[in-house]
Number of protein chains: 2
Amino acid sequence: MEKKKINHYETANIAVNAVIFIIKDQKLWVYLSTREKAPFQNLLELPGGLLQPKETAEITLARKLKDITGVKNHFFQQFHTFTNPNRDPRSRIISIGFIALLAYDKVSNLKDFHQIDALPKLAFDHKEIIDRAIKYLKLNIDSQFVDQLMPNSFPLNDLQIVYEVIEGKKLDNRNFRKKILNSGLIQKAKIVQKNVNHRPASLYQFIKS
Amino acid sequence: MEKKKINHYETANIAVNAVIFIIKDQKLWVYLSTREKAPFQNLLELPGGLLQPKETAEITLARKLKDITGVKNHFFQQFHTFTNPNRDPRSRIISIGFIALLAYDKVSNLKDFHQIDALPKLAFDHKEIIDRAIKYLKLNIDSQFVDQLMPNSFPLNDLQIVYEVIEGKKLDNRNFRKKILNSGLIQKAKIVQKNVNHRPASLYQFIKS
DNA sequence: GCAAAAGTGTTGTCATTACACCCATGA
DNA sequence: TCATGGGTGTAATGACAACACTTTTGC
């Protein structure tokens, strides 16, 4: 008896994965959690999850991010979709990769963040996802991205460090200040830095349009 | 009797769609074909197809592009994945969107190309896919992209037109020539334009690295 | 000789780079 | 008073913008 071949195309689960970046101590850090189940048990992995019926990838991701960080209204952006048929040994799951950017002062617990230049072996293709996310971040660095990585108000030198970390090079302090102040993107906040054992900095904030 | 809920996640087919651009007559054109079956019968749609088992999206796309244009080794690039659960009325199909760029002299039949500023109603969410592809193209315009859109050798003024169409503005001829010649990206070809009823142009080509 | 597109230089403005010292605070 | 990071100006260079006429070919 011959079974009619209705459909020789593949069906798959659809996953999202978030590469959540923060900048702290002049380094880029990414959120990872430990897998409790096989496959890749005890290895670190990116947060993510499968799309439920009626969900877009963006809705699934917003739901997941809120669960993970407790922050509402995360900033995130698609950067690539990973479709290698063997990327999950259990079954075919394609993953839509997002970057999510977060100011470190919004993170209540930093222990799940890992420096991107000292990552151990990761589950699945998550190393590849992170590598591509970093490439995307460096290539698309702009004030909208940097805004997300900064606290509400900040010294100019902290802003400079964020640019330096992402661009991977030192910037001239005087030139940086000149440029950023002339850009019209930021303004002086009404408060000043306190409790530092050096000259307190003026604090600035991004002008929300 | 209660049915055990094994999996409340969605499975879906995975499609790729290609937004194939050419530039001709100082306009941007996109490849579309007419749907022969419902849904959206007789409307125009983007080329694409479903992933087969063991195929990555990139492999599926390369296969499809070769079928459509006859060209091997197409240049293409992912730009966005579309996951609206209602984007296909038959079942859940998510689509990975690619741009593909092609020199118009490689196209044997131009009848399936449509000017992007005069598109009729399209099938599915394909209008949205094209809009996003155009945005991506404009935002990421670089010499690698432009190279794909040019014939092997070309007059500088044709190159200028390609930049003008993508950027959506006129460029100064002298400044354009100065800049592009100083960039080190192109070199004079050994041949010269023929059979034109005006002064024949020197032809140039991109230096393949 | 006319139509059509190819090709060519100079000047002003603005953005970017390079570079080194004094300032305000807490301990 | 010392340690720590905050904060400042000027000059040289390079990139980009504005601008109009001559050249070469086919018909």
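Here the structure is a predicted model, which is why all the values come from computation and not from measurement. Lettering of chains follows the sequences in order, A, B, ..., and the numbering in each one begins at 1.
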Is there a side-chain contact between A/Ser202 and the phosphate of D/dG7, meaning an N or O under 4.0 Å from OP1 or OP2? yes
Whole Å only: how far is the CG atom of A/Asn197 from the C1' atom of D/dT1? 15 Å
Please give, in whole Å, the distance from D/dG6 C1' to A/Gln193 CD? 9 Å
Nearest-angstrom distance from the residue atom CZ of A/Phe176 to P of C/dA18: 16 Å
Report yes if some heavy atom in the side chain of B/Lys121 is under 4.5 Å from a heavy atom in the side chain of B/Lys127; otherwise report no. no
Hey, which of these two, B/Ala201 or A/Pro200, hits DNA chain C nearer its 5' end, going by closest nucleotide? B/Ala201
Taking donor-acceptor contacts at under 3.5 Å, does the side chain of A/Lys178 reach the base of D/dT8? no
The residue, A/His198 or A/Leu181, whose nearest nucleotide of DNA chain D is more 5′ is A/His198
B/Leu203 or A/Lys169, whichever maps to the more 5' nucleotide of DNA chain C: B/Leu203
So A/Asn173, base contact, sugar-phosphate only, or nothing? Heavy-atom distance under 4.0 Å. base
Spacing between A/Lys179 atom NZ and C/dA15 atom C1', to the nearest angstrom: 9 Å
Given the structure, check if the side chain of A/Asn175 and the base of C/dA18 hold any donor-acceptor pair shorter than 3.5 Å. yes
Is any side-chain N of the basic residue among A/Asp25 and A/Lys27 closer than 4.0 Å to the acidic one's carboxylate O? no
Round to a whole Å and report the spacing from CG of B/Leu159 to P of C/dG7. 12 Å
Send over the distance from B/Gln160 CD to C/dG7 C1', rounded to a whole Å. 12 Å
N/O donor-acceptor pair, side chain B/Asp172 with base D/dC16, under 3.5 angstrom: no
Sidechain N-carboxylate O distance under 4.0 Å for A/Arg87, A/Glu128: no
Main-chain N/O of A/Glu36 paired to A/Asn42 side chain as donor or acceptor, under 3.5 Å: no
Quickly work out the B/Arg177 CZ to D/dA18 C1' distance and round it to whole Å. 17 Å
Base, sugar-phosphate, or nothing for A/Asn195, non-hydrogen atoms under 4.0 angstrom? nothing
Starting from C1' on C/dA5, measure out to CZ on B/Arg174 and report it in whole angstrom. 15 Å
Determine whether a donor-acceptor pair (N or O, by modelled atom type, separation under 3.5 Å) exists between the side chain of B/Arg35 and the backbone of B/Pro39. yes
